[in-house]
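Inspection log for the structure reproduced underneath, given as structure tokens.
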Amino acid sequence: MEPGTDRSATVEPRDPMPDGYRRTLVRQIAQHAHSEIIGMQPEGEWIACAPSLRRKAILMAKVQDEAGHGLYLYAAAETLGTSRDDLLEALHTGRQKYSSIFNYPTLTWADVGAIGWLVDGAAIVNQVPLCRCSYGPYARAMVRICKEESFHQRQGFEILHTLSHGTPEQHAMAQDAVDRFWWPSLMMFGPPDADSPNTGQSMAWGIKRFTNDELRQRFVDIAVPQAEALGLTLPDPELRWDEERGHWHFGTPDFSELAEVVAGRGPLNAQRLAHRIRAHEDGAWVREAAAAHAAKRAARTPG
Ligand code: 3HC
């Protein structure tokens, strides 16, 4: 049966599946995993500079969560017959992507709050429907990841709420971070549906349950009242409630900017990838030691 035909059925690793379905899943799950791993960098830079031990401990936990999400998703991708080495080589050579949002700099502590509130908030909107994805291992990985994302989003909201209700300088820092991260967060949902080559087929296969534009709208509808609760404004002069549609009307993200960042020409693409490759190379000794240990244990284990 074609995946997605029966919305309640899930495809498992040993089930027969169309080659295109498998390829699409490897592409999406791998890039999701890459996003989690690269996504550790923007906030990781602030662990040593967190303003208190409490904030440092929370941020360390969050960054560690992202690493776990990446490993979880690589494991889900490997159930489709690919290998961790192949996936990492695809990331390191630029054959596979990671989310555009992580190519923007984190200039102040308030950016850590904006990433938690906006980026993890957008990730939750995108990931909750994936808990019902037609591919079993991906859907199950999403259940746990979404639970942890909720903590990520709340801690970011709390950072911004504290700053926004602090000194005028702290309020200004929070507003500046939201001004810089708002539009790139909307771009996380991908190009407009009309320019999305994968959405139609991914919807038919039950990989995506909603389109890019539907999820983007859902995120804006959630974020606008939250911004009001934060006492911060959103940098979109077109923002207004549309009573007839029952949604917030918002301006159009600069999708040419998204295309540039996706093509590797964003503010920090080169730095993020270089850092990732260096970390992988620096960790080679750990992989070699683990492989040597596993070989010794296998040699000791009788027949
Ligand atoms: N950044 C990078 N590439 C993007 C992108 C973005 N924001 N939006 C789209 N693209 C790429 C797509 O990967 C695709 O390229 P490819 O065919 O070479 O893979 C191309 O642009 C066209 O886009 P489509 O809309 O046709 O592609 P998809 O149907 O795959 O939709 C997506 C893109 C919405 C990102 C979808 O892949 C998806 O939902 N992925 C799972 C969720 C995910 O990866 N989120 C990334 C953030 S993870 C995160 O934020 C971690 C959290 O802890 C902070």
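Just follow the structure's listing: the first ligand is 1, and inside any ligand the first atom is 1. Just so you know, these numbers use all the heavy atoms, side chains as well, and skip hydrogens, waters and symmetry mates.
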[X] versus ligand 1: do any nitrogen or oxygen atoms come within less than 3.5 Å of each other?
| X | result |
| --- | --- |
| His69 | no |
| Glu66 | yes |
| Ser100 | yes |
| Tyr138 | no |
| Met187 | yes |
| Asn212 | yes |
| Ser202 | no |

Please state which protein non-hydrogen atom is closest to [atom] and give its distance, to 0.1 Å?
| atom | value |
| --- | --- |
| atom 8 (N) of ligand 1 | Gly190 CA, 3.2 Å |
| atom 38 (C) of ligand 1 | Gln28 NE2, 3.6 Å |
| atom 18 (O) of ligand 1 | Lys97 NZ, 2.5 Å |
| atom 52 (C) of ligand 1 | Glu149 OE2, 3.4 Å |
| atom 28 (P) of ligand 1 | Lys208 NZ, 3.5 Å |
| atom 51 (C) of ligand 1 | Glu36 OE1, 3.4 Å |

(Q) Is there a side chain to side chain donor-acceptor pair (under 3.5 Å) between Thr79 and Tyr138? Walk through the geometry before answering. (A) CA-CA 10 Å; Thr79 65; Tyr138 194 24; over 6 Å; no
Can you tell which part of [X] has a heavy atom less than 4.0 Å from ligand 1: side chain, backbone, both or neither?
| X | result |
| --- | --- |
| Gln96 | neither |
| Ala123 | side chain |
| His32 | both |
| Val262 | side chain |
| His152 | neither |

Q: Among residues two or more places apart or on two chains, list those pairs meeting ring-ring contact (aromatic ring centres under 6.0 Å, His included) that have a residue in residues 81-103.
A: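 Qualifying pairs, neighbours excluded: His92-His280.
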Q) Between Arg278 and Asp282, is there a side-chain N and carboxylate O pair less than 4.0 Å apart? A)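 No, no charged N to carboxylate O under 4.0 Å.
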Q) Does Glu149 have any salt bridge (charged side-chain N to carboxylate O under 4.0 Å, His left out) partners at least two apart in sequence or in another chain, and if so, which? A)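 For Glu149 there are no salt bridge (charged side-chain N to carboxylate O under 4.0 Å, His left out) partners, ignoring immediate neighbours.
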Give the atoms of ligand 1, by number and element, whose distance to some non-hydrogen atom of [X] is under 4.0 Å.
| X | result |
| --- | --- |
| Tyr98 | 1 (N), 2 (C) |
| Ser196 | 24 (P), 25 (O), 26 (O) |
| Phe189 | 34 (C) |

Q) Within 45° of the axis and under 6.0 Å from the centre of the six-membered ring of Phe210, does NZ or CZ of Arg218 qualify? A)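 Positive - Arg218 is close enough to the ring of Phe210 and near enough to its axis.
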Q) Of the choices Ile115, Leu258, Ile37, Asn126, which has the non-hydrogen atom that lies closest to atom 39 (O) of ligand 1? A)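 Nearest heavy atom to atom 39 (O) of ligand 1 lies in Asn126.
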Q: Assess Pro191 for proximity to ligand 1: is some non-hydrogen atom of it under 4.0 Å away?
A: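 Contact present.
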Q) Are side-chain N/O atoms of Thr211 and Asp193 paired as donor and acceptor at under 3.5 Å? A)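 Thr211 vs Asp193: donor-acceptor pair found between side chains.
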